[in-house]
Structures are given as structure tokens and as C-alpha cells.
Amino acid sequence: MKIHEYQAKELLENYGIPVPRGAVATTPDEARGIAVRIAGRVVVKAQIHAGGRGKGGGVKPAASPEEAFEAARAILGMQLVTHQTGPEGKKVRKVLLEEASSIRKELYLSLVVDRSRGRECLVAMASEAGGMDIEQVAATHPGKIVRCAIHPAAGFSPFQARKLAVGLGLDAEQRKAFGEIVRNLYRLFLEKDCSLLEINPLAITEGGKLLALDTKINFDDDGLPRHPEIRQLRDPDEEDPLEVMAKNANVNYIKLDGNVGCMVNGAGLAMTTMDLIKMAGGEPANFLDVGGGASPEQIEKAFRIITSDPNVRCILINIFGGILRCDRVSAGLIQAAGNIEAKLPMVVRLQGTNVEEGRRMLQESGLRFTVADGLYEAAQKAVALLG
Ligand code: GDP
Ligand code: MN
């Protein structure tokens with residue numbers, strides 16, 4: 001789960017990490033009011049779940065409350081396009097107003113779970129070349145990024161903080177402040193079950209102080225059940241409506257850009273199915289795991305989610321009926337397809353207990369089911385249906 005910058009900064013503040021003074025506004029008038037209270041230069045920042053706002057025109061300085069009003073008016077309601085939003089952009093509904101800082105240098109600091117290490121392991125990364133071009137830096141000057149892996153049992157140690165701080169070229173006092181920031185960041189990461197925590201830029205101000213000017217926090221969805229205070233930070237406006245619908249239906253769904261809808265039981269089988277669709281020359285429209293049960297109700301919900309995506313032109317259903325018998329799956333498919341008046345062609349590949357009976361039921365249903373034996377054959381048939 002993602003949250004907004006203003007929410008993330010509140011969390012940082014609760015963990016003793018220095019952030020600028022500020023408040024969030026939903027109208028230009030409110031923005032002016034906040035600027036009056038801050039009394040001085042402010043920065044007006046679009047709040048969307050995507051980075052790259054600065055380059056997209058979503059971060060504007062303002063020297064007076066009147067300018068803050070104008071900046072907020074320009075940003076609120078705009079369809080902000082950045083390299084992370086896709087070409088359609090994201091509608092801005094809130095702006096964060098903050099006391100402007102004079103920046104001497106912009107650093108980068110993050111904590112992420114590094115799955116490439118073969119076990120869950122956190123990696124801290126820092127760079128003295130922070131700011132808006134960090135992706136560029138990572139691609140062309142990877143040496144400018146210092147890393148250290150944090151073993152889950154050993155935890156984050158002071159020498160690791162020193163190693164990062166030295167890599168950033170900080171003076172003694174800043175090193176101390178930096179050590180404090182990383183330690184608190186690590187504590188926040190563990191206590192709230194984050195999956196990514198990033199401060200970019202971590203500014204060195206003209207006064208030599210460290211200040212988190214921008215931050216991004218993602219949470220591990222599987223940790224959310226134990227954090228009601230984090231769950232309530234969810235912003236449905238920022239989420240894909242189909243994914244919200246799926247979450248409510250307890251269906252594991254991720255929307256993709258293709259046109260072959262997928263309904264599969266089991267995450268591994270679902271990923272294999274997507275790979276085979278690609279191998280057959282098609283593009284999957286989604287990842288969807290209906291779960292082991294695949295009850296008629298669950299199948300119907302899955303159908304509704306898949307067919308709400310206007311790009312979908314055919315559906316590939318791949319169900320392994322082990323404990324769940326194939327004839328039961330077919331009954332569910334027929335009932336669900338009837339209930340939603342499915343108009344799209346559907347390719348079904350069933351395997352498992354009572355598979356013959358299950359296939360016969362589909363073929364005799366009078367609905368638009370094409371039955372396939374093999375998995376790759378099913379993918380090829382689905383792609384062929386696209387015409
Ligand atoms: P992003 O583009 O979505 O990552 O948004 P950021 O919050 O990182 O803002 C982009 C850039 O705006 C930063 O890298 C800074 O250079 C600049 N910026 C943000 N806040 C301030 C501020 O308080 N003062 C000044 N002078 N610049 C700021
Ligand atoms: Mn940033």
C-alpha cells in the first residue's frame with residue numbers, strides 16, 4: 001500500500017526525523033490560510049501516489065500567501081503527468097504547503113527489502129547525488145550510491161551508519177544527525193512493516209542541518225492487518241477501481257495492459273498462464289488468482305472484475321481441480337457466466353478430478369466456452385480468438 005507524502009512526513013515526524021513545517025490543503029483558499037500561518041516563503045506540492053512531480057510541474061515555490069493561492073489553484077485539479085504516472089497522469093486533489101528551505105545539497109537515502117539476496121534482507125542506500133535525477137545517477141554513476149545490507153538478526157549497527165555517512169561526505173555533526181535519522185528510519189521500517197522507505201531529497205540546509213524534504217513510504221500489504229493506523233491512511237482515489245473491487249471480493253487481482261483476461265486458481269499457476277499467453281504472442285490483461293476454493297460466488301466476482309476492464313477481448317480460464325472437483329468448477333463457471341450474461345469468448349482449461357464430466361458440461365452449456373486440453377494449447381486458442 002502507498003500513502004501520500006504529507007502522511008509519510010507525519011510518520012517521519014513521529015519517529016523523530018526532521019521534516020519542514022507544513023499542512024495539507026484541498027482548496028486554494030485553504031492553501032492561502034496555511035501560507036499566512038507559515039509566514040514566509042512556502043513550497044506548494046501536489047499530493048499524488050507518484051514521484052517525479054517536480055519535473056511535471058507539481059512542485060511550485062511561492063513567496064507570499066497570494067502566490068501560494070495561485071500555485072494551489074494551478075496545481076489542484078490538474079492531471080499531473082510524470083514518468084511514474086503513465087501518459088494519462090493523475091488528478092491532484094490535495095496540495096501540501098511547506099515552509100521553504102534553502103538547500104545547500106540534496107542527498108538520497110532509502111531502505112528497501114532486497115529480494116535478490118535469496119532471503120528477506122534490508123538494504124540501506126545513500127547517495128550524495130540526491131534529488132530529481134537519482135534514477136539517472138543509478139543508471140550512469142552507480143558508484144555514487146553507497147549500500148549496506150542489514151542482516152535481520154544483527155539489525156542496523158552504528159558502523160553501518162558511519163559507512164553511509166562517510167560515503168556522503170558529511171561533517172562530524174551531520175554524521176551524528178544522519179546516524180540518528182537512519183536508526184529511526186530503520187525502526188519505523190520494522191515497526192510499521194514497510195516495504196520501501198525513501199527520503200529524496202534529504203536536504204542539507206544552508207544552516208548545515210539535515211531535513212527530509214520529500215519522502216515515500218510503501219507498506220507490505222500482508223502486514224496491514226496489524227496496523228489499523230496505517231490502513232486508515234489508504235486513499236481510494238489513488239487506487240485502481242478494479243483493484244479496490246477485487247480487494248473487497250477477496251480476489252487477488254492486478255490490472256495489466258493487455259487484452260486476454262485471466263482467471264486462474266493459484267498464484268504460481270496464474271503467473272505461468274500469463275507467461276504462456278505471452279509466449280503464444282498475446283498480452284495478459286491481468287493477474288487474477290481466484291483462490292483455492294473457486295466457489296461459484298468467487299468465480300462470478302472474478303468474472304465481473306475481469307469484464308469491467310474494457311480492454312479485455314477474451315478470457316482464459318485455467319483451473320486445477322484437485323480437492324475441488326472439475327464438475328463443480330464447471331457448474332460454477334456456467335452459473336456465473338449466465339448471471340453476468342458473458343458476451344466475451346472464453347477458453348477453459350481444466351485439469352484434475354472429474355475432468356471429463358467438467359468438460360462435457362461446458363461443451364453442452366450453450367455458452368461461449370472453448371475447451372482446451374493443454375495449457376499452451378489454451379493460451380494459443382485464446383490468442384487466436386483475438387483475431
Ligand atoms: P518529486 O519530484 O515528486 O520527487 O518531488 P520533491 O518533493 O522531491 O521535489 C522536487 C524538487 O523540488 C526537490 O528535489 C527540490 O529540489 C525542490 N524542493 C522541494 N522542496 C523544496 C524546498 O522546501 N525548498 C527548495 N528550495 N526546493 C525544494
Ligand atoms: Mn523527491
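As the structure is a prediction and not an experimental result, all values here were calculated from the model. Both counts, for ligands and for their atoms, begin at 1 and track the order of listing. The chain is numbered in sequence order, starting from 1.
- Ion pairing between R349 and D373 fails under the 4.0 Å rule for side-chain N and carboxylate O.
- Side-chain atoms of T273 and N318 form a donor-acceptor pair, as typed in the model, at a separation below 3.5 Å.
- In this structure, atom 26 (N) of ligand 1 lies nearest to the protein heavy atom S101 O, 3.2 Å.
- Checked against S330 for a side-chain contact (heavy atoms from CB on, under 4.5 Å), the options V355, I319, L350 give a single hit: L350.
- Residue-level proximity to ligand 1 for T82 is absent, since no heavy atom of it falls below 4.0 angstrom.
- Listed by number with element, the atoms of ligand 1 under 4.0 Å from a non-hydrogen atom of A100 are 23 (O).
- Annotation for ligand 1: atoms under 4.0 Å from non-hydrogen atoms of V43 are 21 (C), 22 (C), 23 (O), 24 (N).
- Shortest contact from atom 7 (O) of ligand 1 to any protein heavy atom: K45 NZ, 2.5 Å.
- Close approach to D214 involves these atoms of ligand 1, each under 4.0 Å from a residue heavy atom: 1 (P), 4 (O), 5 (O), 6 (P), 7 (O), 8 (O).
- Taking 4.5 Å as the limit, some side-chain heavy atom of V347 sits within range of a side-chain heavy atom of T370.
- Residue contact annotation: P20 has no non-hydrogen atom under 4.0 Å from ligand 1.
- The distance criterion of under 3.5 Å between nitrogen or oxygen atoms is met by R53 with respect to ligand 1.
- When only non-hydrogen protein atoms are considered, atom 28 (C) of ligand 1 lies nearest to I103 CD1, 3.8 Å.
- The contact set between ligand 1 and P201, taken as ligand atoms under 4.0 Å from a residue heavy atom, comprises 8 (O), 13 (C), 14 (O).
- Taking a cut-off of under 4.0 Å to the non-hydrogen atoms of L213, the atoms of ligand 1 that pass are 20 (N), 21 (C), 22 (C).
- The N/O atoms of K55, backbone and side chain alike, include none that comes under 3.5 Å of an N/O atom in ligand 1.
- In this structure, I306 and M263 have side chains that are in contact, with non-hydrogen atoms separated by less than 4.5 Å.
- Under a 4.5 Å side-chain heavy-atom cut-off, the cluster of Ile, Leu, Val, Met, Phe, Trp and Tyr residues that includes L80 is completed by I34, I38, V42, V44, I48, I75, L76, M78, V92, V95, L97.
- Looking at G54 next to ligand 1, an N or O pair under 3.5 Å apart turns up.
- Residue pairs meeting the side-chain hydrogen bond (donor to acceptor under 3.5 Å, both in side chains) criterion with at least one member in residues 122-134, sequence neighbours excluded, are K55-D133, K105-E128.
- By the ring-ring contact (aromatic ring centres under 6.0 Å, His included) test, H4 pairs with Y6, H49, sequence neighbours left out.
- A salt bridge links R304 and E300; the closest N-O separation between the charged side-chain nitrogens and carboxylate oxygens is under 4.0 Å.
- Between the side chains of T26 and E30, at least one donor N or O sits under 3.5 Å from an acceptor N or O.
- Scanning the protein heavy atoms around atom 9 (O) of ligand 1, the nearest turns out to be V59 CG2, 3.9 Å.
- In this structure, K381 pairs ionically with E377, as a charged nitrogen and a carboxylate oxygen lie closer than 4.0 Å.
- Put simply, part of E106 is less than 4.0 Å from ligand 1, judged by heavy atoms.
- Shown are the protein N/O/S atoms under 2.8 Å from the Mn ion (ligand 2), given by residue and atom: N200 O, D214 OD2.
- Ligand 1 places these atoms under 4.0 Å from at least one heavy atom of M132: 10 (C), 11 (C), 14 (O).
- Atoms of ligand 1 found under 4.0 Å from any heavy atom of G51 (numbered from 1 in listed order, with element): 3 (O).
- Residue-ligand proximity, N200 to ligand 1, at heavy-atom distances under 4.0 Å covers atoms 8 (O).
- For the 3.5 Å distance criterion, the side chains of D29 and T27 fail to qualify, holding no donor opposite an acceptor.
- Using a 4.5 Å cut-off on side-chain heavy atoms (C-beta onward), E98 and K45 make contact.
- N354 and D327 form a side-chain donor-acceptor contact under 3.5 Å, judged by distance and modelled atom types alone.
- One finds no salt bridge joining K2 and E238 here, because no Lys/Arg side-chain nitrogen approaches an Asp/Glu carboxylate oxygen to under 4.0 Å.
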